[in-house]
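Quick notes on the structure that follows.
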Amino acid sequence: MKKQGKLIVHTGSMFSGKTTSLWRELYRMRIANYKIAAFKPAIDNRDDDKKIVSHDNLELDAIKVENLNDVLDYATKHELDAIGIDEVQFFPNDPTEVIDIFNELMAKNITIVVSGLDMDYKTRPFEIIKEIMPIADELTKHHAICASCGEDAWASYRKSTDESRIQIGSKDKYEPLCRECYNQMMSDREKTKNQISLELGD
Ligand SMILES: Nc1ncnc2c1ncn2[C@@H]1O[C@H](COP(=O)(O)OP(=O)(O)O)[C@@H](O)[C@H]1O
Ligand SMILES: Cc1cn([C@H]2C[C@H](O)[C@@H](COP(=O)(O)O)O2)c(=O)[nH]c1=O
Ligand SMILES: [Zn+2]
């Protein structure tokens with residue numbers, strides 16, 4: 001008998017092991033002879049277009065798609081048993097539409113393994129993750145190691161002052177920090193900004 005579809009969500013900061021977990025789940029499903037495919041958003045140009053690559057260089061063949069409707073169409077057409085979706089926070093779909101798409105996939109007995117950031121560099125929640133968490137069958141919040149003190153990390157600190165929400169990158173642009181180190185960095189940054197404004201007479 002075919003297994004029921006379910007939703008498995010891996011979330012947390014950058015470097016916390018979300019993609020590694022996605023890789024591991026799909027690897028096991030492949031051994032179990034599931035018909036699978038993995039997807040990544042078109043906007044993600046960090047690595048090879050046809051692969052999802054973890055920070056540890058684990059690789060998964062992947063299909064680049066513009067939005068989650070393309071994932072639904074592909075999975076239906078190819079009668080897949082399970083799909084993996086990386087960087088789900090980048091898909092432009094309305095968060096409520098994502099629920100409908102995921103429910104439709106699960107109604108077709110397709111298991112969905114999702115990896116995505118919980119918060120942006122300003123610690124504002126990513127809407128898609130916020131929306132899908134309650135309907136998940138399995139939900140894991142992962143933690144990297146704080147790059148400053150070694151505690152469990154909580155946030156993805158952006159090293160530059162770029163204010164755009166989407167800024168693709170890795171260690172060149174971000175580091176994981178615990179709550180205390182993150183808040184300290186942000187307050188130091190604010191003080192420096194105010195000091196410069198004072199000196200310039202703004
Ligand atoms: N500060 C850090 N804390 C934990 N892992 C780190 C850190 N910096 C680099 N890494 C590496 O990142 C890997 C996790 O990568 P990945 O699964 O791609 O994470 P994510 O998808 O959450 O960004 C770890 O196994 C580790 O080798
Ligand atoms: C915090 C934050 C991150 N990003 C980008 C940076 C990376 O390209 C991805 C996250 O990748 P990972 O597999 O979780 O390490 O997201 C962004 O665009 N905006 C942000 O605020
Ligand atoms: Zn810390």
Side-chain angles (χ1 to χ4, degrees), residues 7-68 70-71 74-75 78 80-92 110-121 123 126 128-129 132 136 138-160 162 164-178 181-182 185:
L7 176 61
I8 303 170
V9 176
H10 291 283
T11 191
S13 74
M14 289 182 69
F15 309 99
S16 64
K18 306 180 301 295
T19 307
T20 306
S21 301
L22 176 73
W23 181 91
R24 195 181 303 118
E25 307 247 20
L26 293 194
Y27 185 80
R28 291 185 76 249
M29 286 174 186
R30 195 170 284 145
I31 294 172
N33 283 324
Y34 277 45
K35 199 171 171 197
I36 59 171
F39 301 88
K40 63 191 270 185
I43 199 170
D44 184 7
N45 60 6
R46 196 167 73 193
D47 303 293
D48 187 322
D49 263 9
K50 293 197 168 118
K51 288 192 190 304
I52 292 168
V53 186
S54 78
H55 292 293
D56 278 342
N57 292 321
L58 291 172
E59 293 185 355
L60 263 176
D61 289 340
I63 302 158
K64 244 187 180 187
V65 286
E66 291 293 333
N67 57 56
L68 291 168
D70 295 342
V71 174
Y74 187 99
H78 293 85
L80 300 180
D81 301 311
I83 57 169
I85 305 173
D86 199 29
E87 309 287 9
V88 74
Q89 75 279 354
F90 287 151
F91 284 99
I110 299 169
T111 286
I112 312 159
V113 188
V114 166
S115 158
L117 285 173
D118 50 1
M119 297 182 288
D120 66 14
Y121 72 105
T123 69
F126 274 109
I128 286 188
I129 284 286
I132 63 175
E138 294 171 27
L139 173 63
T140 311
K141 170 129 175 175
H142 297 268
H143 296 275
I145 305 296
C146 173
S148 180
C149 77
E151 281 278 351
D152 276 358
W154 169 70
S156 311
Y157 175 76
R158 185 179 283 173
K159 298 177 190 175
S160 75
D162 186 316
S164 49
R165 194 175 204 201
I166 297 181
Q167 177 65 255
I168 306 298
S170 183
K171 285 226 155 132
D172 51 332
K173 294 192 176 126
Y174 297 91
E175 62 183 14
L177 293 179
C178 72
C181 293
Y182 176 85
M185 286 290 250

Task: Option from D118, L117, V114 for which side-chain contact (heavy atoms from CB on, under 4.5 Å) with T11 holds - done: D118
Task: Where W23 and E59 come nearest, the two heavy atoms and their spacing - done: NE1-O, 3.2 Å
- [ ] Rounded to the nearest 0.5 Å, what's the gap from SG on C146 to CH2 on W154? Could you check?
- [x] 12.0 Å
Task: CZ-CG distance between F15 and D56, expressed to the nearest 0.5 angstrom - done: 11.0 Å
- [ ] Report yes if some heavy atom in the side chain of I36 is under 4.5 Å from a heavy atom in the side chain of Y34; otherwise report no.
- [x] yes
Task: Nearest non-hydrogen partners of D152 and C178, listed with the distance - done: O-CB, 3.3 Å
- [ ] Look up atom OG1 in T19 and atom CD in E87, then write down how far apart they are to the nearest 0.5 Å.
- [x] 6.0 Å
- [ ] Please confirm whether the backbone N or O of G169 pairs with a side-chain atom of R46, one donor and one acceptor, at under 3.5 Å?
- [x] yes
Task: Aromatic plane relationship, F39 with Y74 - under 30° parallel, 30 to 60° tilted, over 60° perpendicular - done: perpendicular
Task: pair R24-T20: side-chain heavy atoms closer than 4.5 Å - done: yes
TODO: Nearest 0.5 Å please: distance from the OH atom of Y121 over to the CE atom of M14.
DONE: 13.5 Å
Open item on the list: Measuring only between side-chain heavy atoms, which start at C-beta, is K51 closer than 4.5 Å to D61?
Closed with: yes
- [ ] Supply the atom-to-atom distance T111 OG1 to E25 CD, rounded to the nearest 0.5 angstrom.
- [x] 9.5 Å
Task: Taking every non-hydrogen atom, the tightest pair across A38 and L60 - done: CB-CD1, 4.4 Å
- [ ] Calculate, to the nearest 0.5 Å, the distance between atoms CD1 and CD1 belonging to I132 and I85 respectively.
- [x] 8.0 Å
Task: Main-chain N/O of D120 paired with R158 side-chain donor or acceptor, under 3.5 Å - done: no
TODO: For residues K64 and A42, report the shortest heavy-atom separation together with the two atoms involved.
DONE: NZ-O, 3.4 Å
TODO: Check whether any side-chain heavy atom of V113 sits under 4.5 Å from a side-chain heavy atom of M29, and report yes or no.
DONE: yes
Open item on the list: Would you say CD of Q167 has more than 12 non-hydrogen atoms from neighbouring residues, nucleotides or ligands within 6.0 angstrom?
Closed with: yes
Open item on the list: I'd like to check D81 versus K35 (side-chain heavy atoms, cut-off strictly below 4.5 Å). Are they in contact?
Closed with: yes
Open item on the list: For the backbone of H142 and the side chain of K18, can you confirm whether one donor and one acceptor N or O come within less than 3.5 Å of each other?
Closed with: no
Open item on the list: Using every non-hydrogen atom in the two residues, find where E66 and P92 come nearest and quote the distance to one decimal.
Closed with: O-CD, 3.3 Å
TODO: Please name the pair of heavy atoms, one in D48 and one in K40, separated by the smallest distance, quoted to 0.1 Å.
DONE: O-NZ, 2.9 Å
Open item on the list: Could you tell me if the side chain of F90 sits less than 4.5 Å from the side chain of I168, heavy atoms only?
Closed with: yes
- [ ] Kindly indicate whether the side chain of F91, heavy atoms from C-beta on, has any atom under 4.5 Å from the side chain of V65.
- [x] yes
Task: Over 12 foreign heavy atoms within 6.0 Å of CZ, R28 - done: no
Open item on the list: For A153, is there any backbone N or O sitting under 3.5 Å from a side-chain donor or acceptor partner on H143?
Closed with: yes
Task: Main-chain N/O of K171 paired to K159 side chain as donor or acceptor, under 3.5 Å - done: yes
